[in-house]
Amino acid sequence: SIDAALTFEPWGARILADKSVPSKVLVDWKEVWRDGQYPSSVLIARDDFIQNKRDWLKRFLLAHVDAALFTLKNPDEANRIIYDQILALQGAEIPLDVIAEASKRTQATYDPQVAAVLEFARMAHEVYPDHIATPPSAEALFDLSILNEVLREKGLPEIKR
């Protein structure tokens, strides 16, 4: 028995679509914090990896930016690709209409939401001052040089710290 769950999409939409289990959205992701303008995943790498694998990271970020832009411009096709990939990777089907519903509650982006991460770090410091002595700075947390290089090459605005 579960009273409540916090989950990412499309798993939330899958739970809601399962009519054998009565469920409802208690708090939408846009209501949790910052009108939904916060990262759900961030690429993290060690300094030596950034220095030694710069070309690999650039190719990864180029693919990520392209995927985000494609998803924003082609939501129906992106949903179909997501459907195909979930089926291929997990062997489990999530109906396409459930994935389409999930996409209404998510936003494809390549912006790491620097301000949100810094705000979260400040909150973590306030709650756990013994573990986080000082909230980190944007300079300490973010190396946006490769991402911004990709964005410049694509004619897109750079991300500011």
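Throughout, residue positions are numbered sequentially from 1 according to the sequence presented. Heavy atoms only: backbone and side chains are in, while hydrogens, waters and symmetry mates are out.
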Exercise for review: Answer yes or no: is there a side-chain heavy-atom contact under 4.5 Å between P112 and V117?
Suggested key: no
**Study point:** Check ion pair D48-R46 (N to O, under 4.0 angstrom)
**Key:** yes
Check your understanding: Is any side-chain heavy atom of L151 less than 4.5 Å from a side-chain heavy atom of Y110?
Key -> yes
Check your understanding: Are D84 and R80 close enough, and set up right, to give a side-chain contact (heavy atoms from CB on, under 4.5 Å), and what steps lead you there?
Key -> CA-CA 6 Å; D84 291 341; R80 182 65 182 178; 3.8 Å; yes
Check your understanding: Under 4.5 Å between side-chain heavy atoms, hopping through other hydrophobics if needed: is there a path connecting V32 to M123?
Key -> yes
Review point. When the ring planes of Y38 and W33 are compared, do they come out parallel, tilted or perpendicular, using 30° and 60° as the limits?
Key: tilted
Check your understanding: Is F49 close to L57 at the side-chain level, that is, under 4.5 Å between some pair of heavy atoms?
Key -> yes
Check your understanding: Would you call K104 and E101 a salt bridge, using N to O less than 4.0 angstrom?
Key -> yes
Revision key, fill the gap. Output for pair (I86 CD1, I81 CD1), nearest 0.5 Å, gives 12.5 Å
Point to revise | Heavy-atom check, side chain of I15 versus side chain of V21, under 4.5 Å | key: no
Check your understanding: How long is the gap from CG on D143 to CD on Q51, to the nearest 0.5 Å?
Key -> 9.0 Å
**Study point:** Non-hydrogen side-chain atoms of L62 and K154 separated by less than 4.5 Å
**Key:** yes
**Study point:** Residue pair V65, E153: steps toward the side-chain contact (heavy atoms from CB on, under 4.5 Å) verdict
**Key:** CA-CA 11 Å; V65 170; E153 289 174 7; over 6 Å; no
Review point. Has F142 got more than 12 heavy atoms of other residues, nucleotides or ligands less than 6.0 Å from its CZ?
Key: yes
Check your understanding: Any side-chain heavy-atom pair from D55 and R59 closer than 4.5 angstrom?
Key -> yes
Exercise for review: Could you walk me through whether K160 and V114 pass the side-chain contact (heavy atoms from CB on, under 4.5 Å) test, one step at a time?
Suggested key: CA-CA 8 Å; K160 305 289 184 215; V114 172; over 6 Å; no
Review point. Using a distance-only test with no angle check, is there a side-chain donor-acceptor pair under 3.5 angstrom linking S145 and R54?
Key: yes
Review point. Among D66, N148, L147, whose side chain to side chain contact (heavy atoms under 4.5 Å, CB included) with L61 holds?
Key: L147
